[in-house]
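Heads up: the structure comes next, in structure tokens.
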Amino acid sequence: MNYNELYESKTVDFSDIPAPFFLLGLLSAFDNRYQATADAFFGEISWKQVFAIVCIDMCREAPTLRELSQVMGSSHQNVKQILLKLENKGFVTMQADEKDRRKQRIFLTEKAREFSASHDAQSQQIVSTIFEGISEEELDVTIQTILHMERNMRTL
């Protein structure tokens, strides 16, 4: 496949790159561009901080640092730094677990909930724009492919 047709860059020749390497590079480049766009949109906090809030909110109970790190797919150290910034800005609190005082549970504050609610409609519009023209079938194949890649990566 000629990736120059797929990815119209005038400065880079993608024609000799095997598909798996092209896809990994494309995912990385997309992540960087999305992060810059989202950072500009949210302004007050970074995309990684917003992602942490979303992940905390998805947890059935207030997560520990270890649990949140697994959900986010990031190291304890990186997630801890994100949480410290969110805590300093009043978006999360960390409290000792009632059953095991050695564990810290992460809770969203009212400020985080208000922030999420105030950005929800526009966030949904942005995501709709990003996925415009992509069918449910294409989206499902992409999700299944990335999940398969994730499972394979765990064997490394």
Side-chain angles (χ1 to χ4, degrees), residues 1-4 6-7 9 12-42 45-87 89 91-109 112-113 115-116 119-120 123-124 126-156:
M1 175 179 285
N2 184 339
Y3 294 115
N4 280 321
L6 184 64
Y7 193 74
S9 173
V12 180
D13 178 12
F14 294 104
S15 60
D16 293 329
I17 297 176
F21 291 94
F22 181 77
L23 178 58
L24 289 172
L26 193 60
L27 288 170
S28 293
F30 176 83
D31 181 52
N32 291 338
R33 288 186 191 98
Y34 181 76
Q35 184 174 337
T37 300
D39 284 352
F41 169 70
F42 290 110
I45 60 176
S46 71
W47 162 244
K48 289 185 187 245
Q49 293 167 341
V50 171
F51 184 57
I53 290 172
V54 169
C55 291
I56 294 165
D57 195 41
M58 288 187 325
C59 292
R60 290 190 168 102
E61 68 174 322
T64 63
L65 176 60
R66 181 175 184 259
E67 292 165 344
L68 184 59
S69 297
Q70 289 174 335
V71 171
M72 292 180 66
S74 192
S75 71
H76 287 71
Q77 295 87 347
N78 287 344
V79 174
K80 182 72 172 179
Q81 289 304 310
I82 291 168
L83 291 174
L84 289 174
K85 290 175 185 173
L86 285 172
E87 187 175 43
K89 293 178 181 185
F91 286 89
V92 300
T93 60
M94 293 183 261
Q95 300 170 10
D97 183 275
E98 292 178 5
K99 296 175 187 167
D100 183 349
R101 291 285 187 199
R102 295 171 297 175
K103 293 181 181 179
Q104 291 268 312
R105 297 254 172 219
I106 305 150
F107 295 87
L108 295 178
T109 64
R113 296 191 187 290
F115 179 87
S116 296
H119 289 84
D120 188 53
S123 293
Q124 287 186 23
I126 289 168
V127 171
S128 293
T129 299
I130 291 171
F131 286 94
E132 188 174 317
I134 299 173
S135 70
E136 288 293 320
E137 183 180 315
E138 290 171 311
L139 191 54
D140 188 51
V141 167
T142 303
I143 290 168
Q144 293 306 318
T145 300
I146 292 172
L147 289 173
H148 195 134
M149 291 164 56
E150 184 82 24
R151 284 189 301 273
N152 290 346
M153 193 165 46
R154 289 183 196 141
T155 66
L156 299 176

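Residue numbers start at 1 and run along the sequence shown.
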Output for pair (Tyr34 OH, Asp39 CG), nearest 0.5 Å, gives 10.0 Å
For Lys80 and Leu65 the tightest heavy-atom approach is N-CD1, 3.8 Å
For atom CZ of Phe41, is the number of surrounding heavy atoms from other residues, nucleotides or ligands below 6.0 Å larger than 12? yes
Looking only at heavy atoms, the pair that brings Phe22 and Ile17 closest together is N-CG2, 3.5 Å
Between Pro63 and Leu68, the two heavy atoms sitting closest are CB-N, 4.2 Å
| Is it the case that more than 12 heavy atoms not belonging to Lys89 sit under 6.0 Å from its NZ atom? | yes
The reported gap from OG in Ser69 to CG in Leu83 (rounded to nearest 0.5 angstrom) is 7.5 Å
Asp97 meets the salt bridge (Lys or Arg N to Asp or Glu O under 4.0 Å) criterion, sequence neighbours left out, with Arg105
Hits for salt bridge (Lys or Arg N to Asp or Glu O under 4.0 Å) against Arg113, two or more places apart or cross-chain, chain-then-number order -> Asp57
Rounded to the nearest 0.5 Å, the OG1 atom of Thr37 sits from the CZ atom of Arg33 at a distance of 9.5 Å
So salt bridge (charged side-chain N to carboxylate O under 4.0 Å, His left out) across residues 139-150, not counting sequence neighbours, yields none
So ring-ring contact (aromatic ring centres under 6.0 Å, His included) across residues 51-77, not counting sequence neighbours, yields Trp47-Phe51
side-chain contact (heavy atoms from CB on, under 4.5 Å) filter on Leu27, not counting sequence neighbours, yields Leu23, Ile146, Met149
Rounded to the nearest 0.5 angstrom, the OG-CD1 distance for Ser74 and Ile82 is 5.5 Å
Shortest non-hydrogen pair, Glu67 vs Thr64, comes out as OE1-N, 2.9 Å
(Q) Does Leu84 form a side chain to side chain contact (heavy atoms under 4.5 Å, CB included) with Met94? I'd like the steps, not just the answer. (A) CA-CA 9 Å; Leu84 289 174; Met94 293 183 261; 4.1 Å; yes
Residue set satisfying side-chain contact (heavy atoms from CB on, under 4.5 Å) with Ala96, at least two apart, ordered chain then number -> Arg101, Gln104
Taken in chain and number order and not counting sequence neighbours, the residues that satisfy side chain to side chain donor-acceptor pair (under 3.5 Å) with Glu138 are Ser135
Applying salt bridge (Lys or Arg N to Asp or Glu O under 4.0 Å) to Asp120 and not counting sequence neighbours gives none
- Item | Over 12 foreign heavy atoms within 6.0 Å of CZ, Arg151 | yes
Contacts satisfying side chain to side chain donor-acceptor pair (under 3.5 Å) that involve residues 23-32 (not counting sequence neighbours) are none
CG of Leu147 to OG1 of Thr142, rounded to nearest 0.5 Å, is 10.5 Å
For Ala112, the side-chain contact (heavy atoms from CB on, under 4.5 Å) test, sequence neighbours excluded, returns Ile53, Phe91, Leu108, Thr109
Contacts table for residues 127-134: side-chain donor-acceptor under 3.5 angstrom, sequence neighbours left out:
from, atom 1, to, atom 2, distance (Å)
Ser128, OG, Gln124, O, 3.0
Thr129, OG1, Gln125, O, 3.0
Thr129, OG1, Gln125, NE2, 3.3

Value for OG1 (Thr145) from NE2 (His148), rounded to nearest 0.5 Å, stands at 9.0 Å
Side chain to side chain donor-acceptor pair (under 3.5 Å) filter on Arg154, not counting sequence neighbours, yields none
